Amino acid sequence: MKKQLLRVVVASGVLGLVASHAGMAQTRPFGLPQPPPTTPADDTTQVVDLQLLPDSLAAEPIAVDSVRLAWLQAPPELRDLVGDRINCFETDAPHTFNPAVMSFVKLFTERNRKYMQRVLERENVYFPLFEKYLAKYNLPTDLKYLAVVESALIPTAKSPVGATGLWQFMGPTAGDLRLRRDDWVDERMNPEKSTEAACKHLRYLYGIFHDWELVLAAYNWGAGSMQRVMRRTGKKTFWDLYPHLPKETRNYVPTFTAIMYSMQYAQAHQLHSPDLKYRYAEAMDTLQVGGHALDLHRLSQACGLPDSAALLRYNPELRRSWLPEGYRAYTVQIPAAVRPQLAVVARATLFDYCRPQVDLPQPLQPLMARLEGVVPFPSRTLAASGGPREEAEVAAPRFRRVRHTVRRGESAAAVAERYDVTTTQLARWNGLRKGKALVPGKQLVVFVPIATPATSPARSVAAADRKPSVPPRLTSPIAKTTGTAPTTASMAEMVAAAEPLKAAIASRNPQLIGQEAAAAAATLAVADDTMPTTYVVRRGDNLAKVAQSRGLTISQLMAWNRLESEKVMPGQKLLLAAPDDDNAPAPSRPASPRTAQKPALAARKPATPEVAEQKVHLVQKGDTLYNISRRYQGITVDELRRLNHLTSDEVKPGQKLIVAR
């Protein structure tokens, strides 16, 4: 019995030494589960359960994610070194060390070293600018690494969703931060203006969350989204909210910490190299354009720069390489070294030299030598009879572009039927999807065919017998010149009236030409009895619809019918032509209680109403009265309420608001 007990004790001692040696050889990584306790030995035998660690080659393979795998593959000495360095950062910016941060450190220092080296080349250009504005707004200086996470220090970077610039601002956020955007300039790509806007935005987010890790997550995902997930889960810190965030936002803070570490310890990881093309900030000067047309390629040549696109890199906010005549006062950034060279040139001479190519005078077409009795390069062949054919006519536009605003309940088929076009044409012109309903307030483009009027009297008899086909919704050529309804009855009358005028022109007698022109105008001014002169208003009609369908204007209808407003009622008769007698009574209007109480309105002297031109804003999703007032100069929230008769600040998408009068 004693020998058997001695064997058990010796065996347990040997196994204990083996286990302790294995424990010293391998260090358990951070965050791994503890092994279950071993079962106690009885008085006869002792069972020792030697469990292998998950990173051992002899262990059974288990499913691990990429973050845990990177942690397990990193040497313990490297993990301890990186952790000590990050924990020693003296900054208010996020610098928590965990497996997620370690995985991104290995990414930037080992697997994707070229990305960090490209960033290190541009570091000395933008970091001094970032530090200046971060100190101005009393923010942690290490927030400058946020621009590396967003754009890799590329001022013209653009994300798939439309975020642009060093700090990747979306359009609405840029508008709230007063960053100008138009067809020529996008100030989100201006390093100085976008950096100051980013500091204001970060200060605003810190006033909401008071935690820099939550501020960075809200910068990526949005303040409203972060507040909603915090209310739903009840969590108050980023790492508590970590499982409830989308993948991009989860990786945002660890990426920021890894970038900050990789750039501060780039020398320790051999990221710097003599082959890198380091860039440094240059002393800059400005040139006031003052509304002149300017081509930056020609200005680069005037400055003596070897690269004609050099000034485009100094002015990344320009969306094109030139500015048009009359554009707002713009300031071009130029290197201070070329200022003395420009100082010796007159300002007018400089801007005349730097005019864009489209504004420069084009060379004249060369004229061929004319030989007596020879027509050079005849463009028209002779007919079989030997007589010259009629001269080529100037090509007239065949279509008229019309804009249509979609109303509530209106379909694409109804719009196409209204303008006598097909639904397929309407969908192709406006990029409409099949089966998708139209959005009220959307602007549609319609190309309405225009009938070509007869301009030459020397037409054939068959062409003279044809009547001009003018669509009922378009204004005839005579109506455009006289301001009245379409006149003339047939083409034959026009040809007959033009024959004496043609003979007078051939005689070159000014007095005879004037008499025949007056006679022809009087002949063509005879009213057409086939056109209706009155219209009875139906249910659903409005003055704009009646004017458009008859080829008239709203002002003409209001003047001819002595209307004081654009409001019409069903059953009301409207004149579609100017009355012969100015003192003729106005068309009858259906009696209503309002008009019965005010009979004196009909006796007022008719006057052509002046329709004030109004500027209208179509409310988009997410708009508020405050945001709308910021986008239009000289308008306030109170003014918007007064102009649009609003009783509250609530607006809905698709609603039209008057923003200027």
Side-chain angles (χ1 to χ4, degrees), residues 85 104-134 141-159 163-169 186-195 198 255-287 295-321 332-342:
R85 287 174 175 175
F104 284 103
V105 169
K106 288 178 64 64
L107 172 67
F108 295 130
T109 58
E110 296 179 8
R111 300 196 302 275
N112 200 0
R113 295 171 57 87
K114 290 192 176 298
Y115 171 83
M116 289 304 304
Q117 289 177 340
R118 299 287 82 79
V119 172
L120 291 173
E121 288 179 343
R122 297 183 286 267
E123 173 187 4
N124 298 320
V125 177
Y126 298 107
F127 274 14
L129 175 66
F130 297 163
E131 292 170 358
K132 180 182 74 171
Y133 280 102
L134 289 171
T141 308
D142 287 331
L143 290 178
K144 61 187 178 182
Y145 299 105
L146 181 61
V148 181
V149 181
E150 289 287 349
S151 62
L153 299 183
I154 300 176
T156 57
K158 182 175 292 186
S159 71
T164 307
L166 285 169
W167 300 91
Q168 293 290 286
F169 284 121
D186 189 348
E187 291 184 350
R188 292 180 295 177
M189 296 184 288
N190 186 304
E192 191 146 355
K193 294 182 179 179
S194 63
T195 300
T255 302
F256 173 83
T257 306
I259 288 285
M260 180 169 58
Y261 168 80
S262 301
M263 296 191 70
Q264 291 193 14
Y265 288 93
Q267 194 70 36
H269 290 275
Q270 291 83 39
L271 291 174
H272 288 285
S273 171
D275 300 333
L276 299 182
K277 300 178 181 178
Y278 294 100
R279 295 171 51 192
Y280 298 91
E282 300 182 34
M284 301 299 295
D285 206 336
T286 58
L287 175 65
D295 189 346
L296 263 69
H297 290 295
R298 298 182 65 84
L299 182 60
S300 300
Q301 297 173 2
C303 294
L305 299 176
D307 187 3
S308 62
L311 289 183
L312 290 176
R313 292 192 294 270
Y314 292 118
N315 300 270
E317 71 275 8
L318 290 177
R319 305 180 67 174
R320 306 184 188 184
S321 61
V332 177
Q333 299 287 331
I334 60 175
V338 304
R339 187 66 182 182
Q341 185 173 352
L342 296 180

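From a predicted model like this one, the values you see are computed outputs, not experimental measurements.
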Taking [X] for the side chain and [Y] for the main chain, is one N or O donor matched with an acceptor at less than 3.5 Å?
{"X": "Glu121", "Y": "Lys277", "value": "yes"}
{"X": "Thr164", "Y": "Gln168", "value": "no"}
{"X": "Asn315", "Y": "Gln333", "value": "yes"}
{"X": "Glu131", "Y": "Pro128", "value": "no"}
{"X": "Gln117", "Y": "Leu271", "value": "yes"}
{"X": "Arg188", "Y": "Lys193", "value": "no"}

Identify whether the distance between the nearest side-chain nitrogen and carboxylate oxygen of Lys144 and Glu123 falls below 4.0 Å.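 Looking at Lys144 and Glu123, the cut-off is not met.
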So, do [X] and [Y] sit near enough that their side-chain heavy atoms are less than 4.5 Å apart?
{"X": "Leu299", "Y": "Val332", "result": "yes"}
{"X": "Thr156", "Y": "Ser151", "result": "no"}
{"X": "Ile259", "Y": "Phe108", "result": "yes"}
{"X": "Leu129", "Y": "Pro191", "result": "yes"}

If you take all heavy atoms of [X] and [Y], which pair is closest and at what distance?
{"X": "Cys303", "Y": "Val338", "value": "O-CG1, 3.7 Å"}
{"X": "Leu305", "Y": "Ala310", "value": "CD1-CB, 3.8 Å"}
{"X": "Leu120", "Y": "His272", "value": "CD1-CE1, 4.0 Å"}
{"X": "Gln341", "Y": "Ala302", "value": "NE2-O, 3.6 Å"}
{"X": "Phe256", "Y": "Leu146", "value": "CE1-N, 3.6 Å"}
{"X": "Ser321", "Y": "Leu312", "value": "CA-CD2, 3.9 Å"}

Could you go step by step and tell me if Tyr261 and His269 meet the side chain to side chain contact (heavy atoms under 4.5 Å, CB included) rule? CA-CA 11 Å; Tyr261 168 80; His269 290 275; 2.8 Å; yes
Distance (rounded to the nearest 0.5 Å) between [X] [atom1] and [Y] [atom2]:
{"X": "Leu153", "Y": "Leu166", "atom1": "CG", "atom2": "CG", "result": "7.0 Å"}
{"X": "Glu150", "Y": "Ser159", "atom1": "CD", "atom2": "OG", "result": "9.0 Å"}
{"X": "Met189", "Y": "Ser194", "atom1": "CE", "atom2": "OG", "result": "10.0 Å"}
{"X": "Arg118", "Y": "Asn112", "atom1": "CZ", "atom2": "CG", "result": "10.5 Å"}
{"X": "Leu318", "Y": "Glu187", "atom1": "CG", "atom2": "CD", "result": "10.5 Å"}

Over 12 non-hydrogen atoms of neighbours within 6.0 angstrom of NZ in Lys106: yes
Distance alone, cut at 3.5 Å: any donor-acceptor contact between the side chains of Trp167 and Thr195?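 Thr195 and Trp167 do have a side-chain donor-acceptor pair below 3.5 Å.
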Quiz question: by atom type and distance under 3.5 Å, do the side chains of Tyr265 and Arg85 form a donor-acceptor pair?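 No pair is found: no donor N or O on one side chain lies under 3.5 Å from an acceptor on the other.
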Derivation of the side chain to side chain contact (heavy atoms under 4.5 Å, CB included) call for Val148 and Met260: CA-CA 9 Å; Val148 181; Met260 180 169 58; over 6 Å; no
Under the rule for ring pair (Phe, Tyr, Trp, His ring centres under 6.0 Å), what residues qualify as partners of Tyr145, not counting sequence neighbours? Phe127
Assign the ring pair Tyr126 / Phe130 to parallel, tilted or perpendicular, where the plane angle (0 to 90°) is split at 30° and 60°.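 Aromatic pair Tyr126/Phe130 classed parallel.
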Run Arg113 and Gln270 through side chain to side chain contact (heavy atoms under 4.5 Å, CB included) and show every step you take. CA-CA 10 Å; Arg113 295 171 57 87; Gln270 291 83 39; 4.0 Å; yes
Yes or no on side chain to side chain contact (heavy atoms under 4.5 Å, CB included) for Lys132 and Leu134, after CA distance, side-chain angles and deciding distance? CA-CA 6 Å; Lys132 180 182 74 171; Leu134 289 171; over 6 Å; no
